[in-house]
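Report on the following structure.
FYI, side chains are in, hydrogens and waters are out, and symmetry mates aren't considered; it's all heavy atoms of this structure. Letters A, B, ... are given to chains in the order of the sequence lines, protein chains preceding strands, and every chain is numbered from 1.
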Number of protein chains: 2
Amino acid sequence: MSSSSLKEQVYRELSRVTHAISNPKRMELIDVLSQKSFSVEELSREILMSVASTSQHLQVLKAARLVEAERSGNFIMYSISDDSVLHLVFAVKELGFRKIAEIERLISDYKAGKQILESITLDELLVKAKQEKVLLIDVRPEEEYRAGHIPDAVSIPLAQLKKRMAGLPKGKTIVAYCRGPLCVMAADAVKILNEKKFKVLRMEDGYVEWKLKQQYPRNSKRKRGAA
Amino acid sequence: MSSSSLKEQVYRELSRVTHAISNPKRMELIDVLSQKSFSVEELSREILMSVASTSQHLQVLKAARLVEAERSGNFIMYSISDDSVLHLVFAVKELGFRKIAEIERLISDYKAGKQILESITLDELLVKAKQEKVLLIDVRPEEEYRAGHIPDAVSIPLAQLKKRMAGLPKGKTIVAYCRGPLCVMAADAVKILNEKKFKVLRMEDGYVEWKLKQQYPRNSKRKRGAA
DNA sequence: CATCTATTCAATAATTATGTTGAATAGTTG
DNA sequence: CAACTATTCAACATAATTATTGAATAGATG
């Protein structure tokens, strides 16, 4: 009876962690926070939810020690507490993308609608970069680039792309990335550049995926984008 | 609007996976199933829950594609569908053990009560086995041993330990393992053998941890057992 | 120290999860 | 094909989760 009670307690504690990520909005919050820290208000804008609800979700995440809060001036900045949170999210996505047919379908439907023809994985990029000159562009907001980016990537936020397009080379292959497979900024960038006849590919992996890859060199084979 | 709708749909799908593991009993089910496949009835006995409830939990896990079911004679045998499920569970535990002070406290309180003095990690075992002769014993039920075990381990189910104790060497160091850090069988074995003055250590990691280690050689540094 | 404001708390209503019991089902076995 | 049985379904009561609004709070800033 004491042994089963320990077991129960431990599993209850563990389920506090999984419960924290068992809500779509909280998952999205973690995904956004994986890029850099944000204030409650900024986050509420990112995930399209009221400030009070966002705050409540953040408190659930904080209670499970997935994020931590730090005051900075008038704002409270939330951030991911530890790389093990990134591993957890990575494992969830790995499983989600592999196993749940709906997601593959949703994403490829979306891509079909956006006419994203070609995408590339992180592995393929690393190979390609050795063979030919590749220009890697980071289309996330500049603050996220400043908080961390893939080596040799140039920051061209999506919002500025049209303005700065003229400075991009037509000869080189351009590879655009953003927050990762669930983010559409790179897809939008590809669409814009495609229309102007640039040689451009989308990379599904983002900075976080690159960072995790540094630590765990395996896993990274995800399927290519559909028609 | 269509872009935010894709995002929402994808996160909703992902949360189906996390929701599936956000319940203590379901987490326990996955943990048990990580050892080998079981029927619904066996599982209901393992997790101390009615057959109907167990079945319902299993269906949630199946819907999220974490487990799969296969009929074998009169029984339906459930099993883990994919190694990525093990990775997910590993990531959850990694985070739980690292971040949640309560778990550390619970476990070390329990060990104090059981007078478990020494434990060893998988890494330490591998080093030790090179230096001196070590006898590795697997104290799980024999069927689980047959379904997979750490190389060179000998099967001595906890239930048979007292009977077979005479055949064990007093000179060698004995290392006992079971299902992993949340399982108490190895701890019980250590207690029994300690009383008979065997040189015995508990290893917290189990077969699953060993298997994952083959794939991802990092992470495995968990703290030692407390007094 | 009073004002201002980002964040959190409280209360609510709607929705969803949980565990149980007892009946139904599907599939095997004699 | 009839009897049997492991598993699943249905219905229920209880409990927990969710998003919202509006009020309270804590802390910075002038």
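- The distance between atom NE2 of B:His19 and atom P of D:dT18, rounded to the nearest whole Å, is 10 Å.
- Between A:Gln59 atom CD and D:dT17 atom C1' the separation is 15 Å, expressed in whole Å.
- The phosphate of C:dG19 (OP1 or OP2) has no side-chain N or O of B:Ser50 nearer than 4.0 angstrom.
- Regarding contacts with the backbone of D:dT18, a side-chain N or O of A:Asn23 is found under 4.0 angstrom from either OP1 or OP2.
- For the 3.5 Å distance criterion, the side chains of B:Tyr11 and A:Asp31 qualify, holding a donor opposite an acceptor.
- Picking from D:dA28, D:dT7, C:dT7 the nucleotide with the shortest atom distance to the side chain of B:Ser55 gives D:dT7.
- B:Ala69 and B:Tyr78 make their closest contact through CB-CE2, 3.6 Å (heavy atoms, listed as atom of the first residue, atom of the second, distance).
- Between C:dT8 and A:Tyr78, a contact under 4.0 Å exists linking OP1 or OP2 to a side-chain N or O.
- Spacing between atom CD1 of B:Ile76 and atom P of D:dT5 amounts to 17 Å, rounded to whole angstrom units.
- When the side-chain nitrogen and oxygen atoms of B:His57 are compared with OP1 and OP2 of C:dG19, one or more of them lie within a distance under 4.0 Å.
- Distance B:Leu29 CG to C:dT18 P: 12 Å, rounded to the nearest Å.
- Across C:dT7, D:dT7, C:dG19, the shortest atom-to-atom separation from the side chain of B:Ser53 is found for C:dG19.
- Donor-acceptor pairing under 3.5 Å is lacking for the side chains of A:Ser15 and A:Thr18.
- Across all their heavy atoms, A:Leu66 and A:Ala20 have their closest contact at CD1-CB, 3.7 Å.
- Rounded to an integer number of Å, the gap from CZ of B:Arg71 to C1' of C:dG27 is 5 Å.
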Practice item. Would you check, one step at a time, whether the test side chain to side chain contact (heavy atoms under 4.5 Å, CB included) holds for B:Asp82 with A:Leu95? Key: CA-CA 9 Å; B:Asp82 191 291; A:Leu95 207 148; over 6 Å; no

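- Atom CD in A:Gln56 sits about 10 Å away from atom P in D:dT18, given to the nearest Å.
- When distances run from any side-chain atom of B:Ala52 to the nucleotides C:dG22, C:dT29, C:dA6, the shortest one goes to C:dG22.
- Positionally, the nearest nucleotide of DNA chain C for A:Met77 lies more toward the 5' end than for the other of A:Met77 and B:Arg26.
- One interatomic measurement links the two molecules: CD of B:Glu42 to C1' of D:dT5, which rounds to 15 Å at whole-angstrom precision.
- Of the residues near DNA chain D, A:Met49 and B:Asn74, the one whose nearest nucleotide (by heavy atom distance) lies more toward the 5' end is B:Asn74.
- Put simply, CG on B:Leu58 is 13 Å from P on C:dG19, counting in whole angstrom units.
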